[in-house]
Amino acid sequence: MCRVMPAERVYAAWEGDRAVGGLGAFPLRLTVPGGRVPAAGVTVAGVLPTHRRRGVLRAMMRALLDACHQQGEPVAYLWATEDTIYGRFGFGLASFTAEIDLPRERSAFHAPFPAFGRVDLVSSVSAEEHLAPLYERVAAATPGMFARSSVWWQTRILADPEWRRGSGGDLQCAVLESGGRPAAYALYRMNWAFERGLQTGSVAVVEALGASPAATAAIWRYLLDIDWMARVKAGLLPLDHPLLLLLAEPRRLGFSLRDGVWVRLLDIEAALTARSYQAQGSVVIAVTDEFCPWNGGCWRVGPDGVERTDDAPELSCDISALGSVYLGGFTWGQLQRALRVQELSPGATAQADAIFEP
Ligand SMILES: CC(C)(COP(=O)(O)OP(=O)(O)OC[C@H]1O[C@@H](n2cnc3c(N)ncnc32)[C@H](O)[C@@H]1OP(=O)(O)O)[C@@H](O)C(=O)NCCC(=O)NCCS
């Protein structure tokens with residue numbers, strides 16, 4: 001872990017000489033609309049069952065977010081195991097994510113799909129050189145994804161220890177080449193199973209990315225066509241995943257939603273300046289932030305800059321709402337309809353959405 005998370009980014013709560021809780025942050029570069037921003041990838045939150053509900057997590061979160069702020073990391077973000085914990089610390093739900101569980105015999109595309117590229121299986125030892133440049137192209141253009149170092153590839157993605165396999169087999173890596181270079185790849189595991197001679201196993205897709213629509217469709221066609229598998233399962237998919245419109249029977253995907261990325265702005269000016277905006281003009285937002293009170297006040301936001309202002313606010317919200325709109329996963333209109341934003345000046349919500357359009 002210390003190869004991807006420096007020791008100084010790990011927090012522990014001690015009782016005598018015994019650690020009773022821990023929290024940490026990966027130093028990452030998160031893609032936002034129009035750029036990248038240094039971000040703390042908050043992780044390994046845990047407190048011993050014997051020491052829960054005494055404020056241990058709160059104290060560790062205090063130390064971690066204060067340190068991020070002091071060292072100029074304007075954003076923290078995480079994937080939550082439980083969705084009820086992090087709102088109180090100012091994290092806002094910034095995206096939904098989807099899982100699929102598709103019977104393979106119902107996986108036909110809606111239209112004939114001409115062969116595209118050529119797929120090869122590569123060993124995980126040599127996979128990084130094929131996968132990393134392609135991932136970087138997609139990640140740099142996709143808000144919510146982050147830049148991976150070589151150490152991250154080796155320890156977090158391509159390492160294949162027994163405990164990661166669950167009921168699946170070895171990590172497989174398929175690379176689709178087109179025009180002499182990788183255009184898509186898939187990391188997946190196969191879970192072989194038969195009952196009375198009939199296949200019941202599944203392909204578990206760990207990650208499948210393409211550099212173009214045709215390459216993405218082709219790598220998914222490859223995954224959907226693996227013989228002896230009854231189902232194809234995948235998670236962490238974006239809500240606009242192309243499979244929804246590629247398939248003849250999208251309802252067979254069993255496309256189910258859950259909360260995805262949670263984002264916490266630690267320095268409003270630096271965080272909002274790091275992303276791009278579309279429309280001309282600006283909007284004045286009154287922000288309350290109980291856990292990081294230095295963010296509180298009125299902010300004018302627009303393509304010409306982000307600054308504190310004494311002007312009358314047009315929208316009012318908690319800091320978690322800014323986290324929700326930051327990556328473009330939710331709109332101000334959606335937040336207003338869910339009573340998470342108050343419109344103080346008629347038309348301000350629509351104006352904010354025009355400005356924040358990713
Ligand atoms: C979740 C966990 C880290 C919380 O640690 P903790 O020290 O008990 O939390 P705290 O006492 O500091 O509580 C902080 C706040 O979170 C709330 N909270 C704590 N655990 C919660 C849970 N599981 N669900 C909802 N709220 C929770 C507390 O009620 C408290 O709220 P308040 O400040 O509004 O009063 C701990 O229970 C744990 O290790 N759980 C198992 C592992 C886990 O779920 N990790 C989180 C992965 S996302």
Side-chain angles (χ1 to χ4, degrees), residues 1-2 4-28 30 39-70 73 75-99 144-146 152 155-157 161 163-164 166 206-207 235-238 256-266 287-296 317-324 326-327 329-330 335 338-340:
M1 185 67 101
C2 63
V4 283
M5 188 189 298
E8 66 271 17
R9 305 303 306 266
V10 181
Y11 293 82
W14 298 90
E15 187 178 68
D17 57 1
R18 194 166 64 115
V20 297
L23 185 67
F26 296 115
L28 301 175
L30 177 68
V42 178
T43 185
V44 293
V47 172
L48 285 183
T50 48
H51 289 69
R52 281 185 192 159
R53 307 298 189 271
R54 298 185 199 171
V56 174
L57 175 65
R58 175 171 280 271
M60 293 189 297
M61 190 65 83
R62 174 83 275 150
L64 186 147
L65 296 187
D66 283 349
C68 294
H69 182 232
Q70 277 154 23
E73 215 167 24
V75 175
Y77 85 119
L78 54 81
W79 292 79
T81 311
E82 287 198 54
D83 51 9
T84 47
I85 299 175
Y86 298 99
R88 62 174 51 75
F89 302 122
F91 287 82
L93 177 55
S95 75
F96 275 118
T97 186
E99 291 178 26
M145 294 181 76
F146 60 87
W152 190 283
T155 58
R156 307 275 304 176
I157 308 296
W163 60 264
R164 269 200 193 146
V206 177
E207 182 167 292
L236 304 181
L237 301 182
S256 65
L257 301 192
R258 70 176 183 85
D259 58 298
V261 176
W262 293 73
V263 169
R264 211 278 178 225
L265 303 196
L266 291 160
V287 180
T288 51
D289 189 341
E290 204 180 307
F291 202 66
C292 299
W294 58 81
N295 280 323
C317 63
D318 177 66
I319 187 72
S320 58
L322 277 178
S324 294
Y326 188 55
L327 300 174
F330 294 100
L335 295 180
L339 307 180
R340 287 171 179 259

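Whatever order the structure lists them in is the order used to number ligands and atoms, beginning at 1.
Distances from ligand 1 to the non-hydrogen atoms of Tyr86 include at least one value under 4.0 Å.
Note that the OG1 atom of Thr50 and the CD atom of Glu15 stand 7.5 Å from one another [nearest 0.5 Å]. Rounded to the nearest 0.5 angstrom, Asp289 CG and Asp318 CG are separated by 6.5 Å. Atom CZ of Phe91 sits about 10.0 Å away from atom CH2 of Trp262, to the nearest 0.5 Å. Residue Cys292 holds its SG atom at 10.5 Å from CZ of Phe89, rounded to the nearest 0.5 Å. The CG atom of Leu322 sits 8.5 Å away from atom CG of Asn295, with the distance rounded to the nearest 0.5 Å.
Not one N or O of Gly46 is nearer than 3.5 Å to an N or O of ligand 1, by distance alone. Between Ala45 and ligand 1, a contact under 3.5 Å exists for at least one N or O pair.
The ligand atoms of ligand 1 that sit less than 4.0 angstrom from a heavy atom of Arg58 are 12 (O), 33 (O). Short contacts between ligand 1 and Gly55, defined as distances under 4.0 Å to a heavy atom of the residue, involve ligand atoms 10 (P), 11 (O), 12 (O). Ligand-side atoms of ligand 1 in range of Arg54: 11 (O), range being under 4.0 angstrom from any heavy atom.
Ranking protein heavy atoms by distance to atom 41 (C) of ligand 1, first place goes to Arg52 NH2, 3.4 Å. For atom 26 (N) of ligand 1, the closest non-hydrogen atom of the protein is Arg88 NH1, 3.8 Å. Among all non-hydrogen protein atoms, the one lying nearest atom 1 (C) of ligand 1 is Ile85 CD1, 3.5 Å. Nearest protein heavy-atom contact of atom 39 (O) of ligand 1 is Val47 N, 2.7 Å. At the shortest separation from atom 14 (C) of ligand 1 among protein heavy atoms lies Phe89 CZ, 4.2 Å.
For atom 35 (O) of ligand 1, the protein comes within 4.0 Å by no heavy atom at all.
Closest heavy-atom approach to atom 5 (O) of ligand 1 among the candidates Thr81, Leu57, Thr84: Leu57. Which of Glu82, Arg53, His51 comes nearest to atom 21 (C) of ligand 1 through a heavy atom is settled by distance: it is Arg53.
Using a 30° and 60° split on the angle between ring planes, Trp294 and His69 fall in the parallel class, below 30°.
With contacts defined as side-chain heavy-atom distances shorter than 4.5 Å, the pair Arg264/Ile319 qualifies. In this structure, Phe26 and Phe146 have side chains that are not in contact, with every pair of non-hydrogen atoms separated by 4.5 Å or more.
A donor-acceptor pair is defined here as one N or O able to donate and one able to accept, closer than 3.5 Å; such a pair exists between the side chain of Arg62 and the backbone of Phe291.
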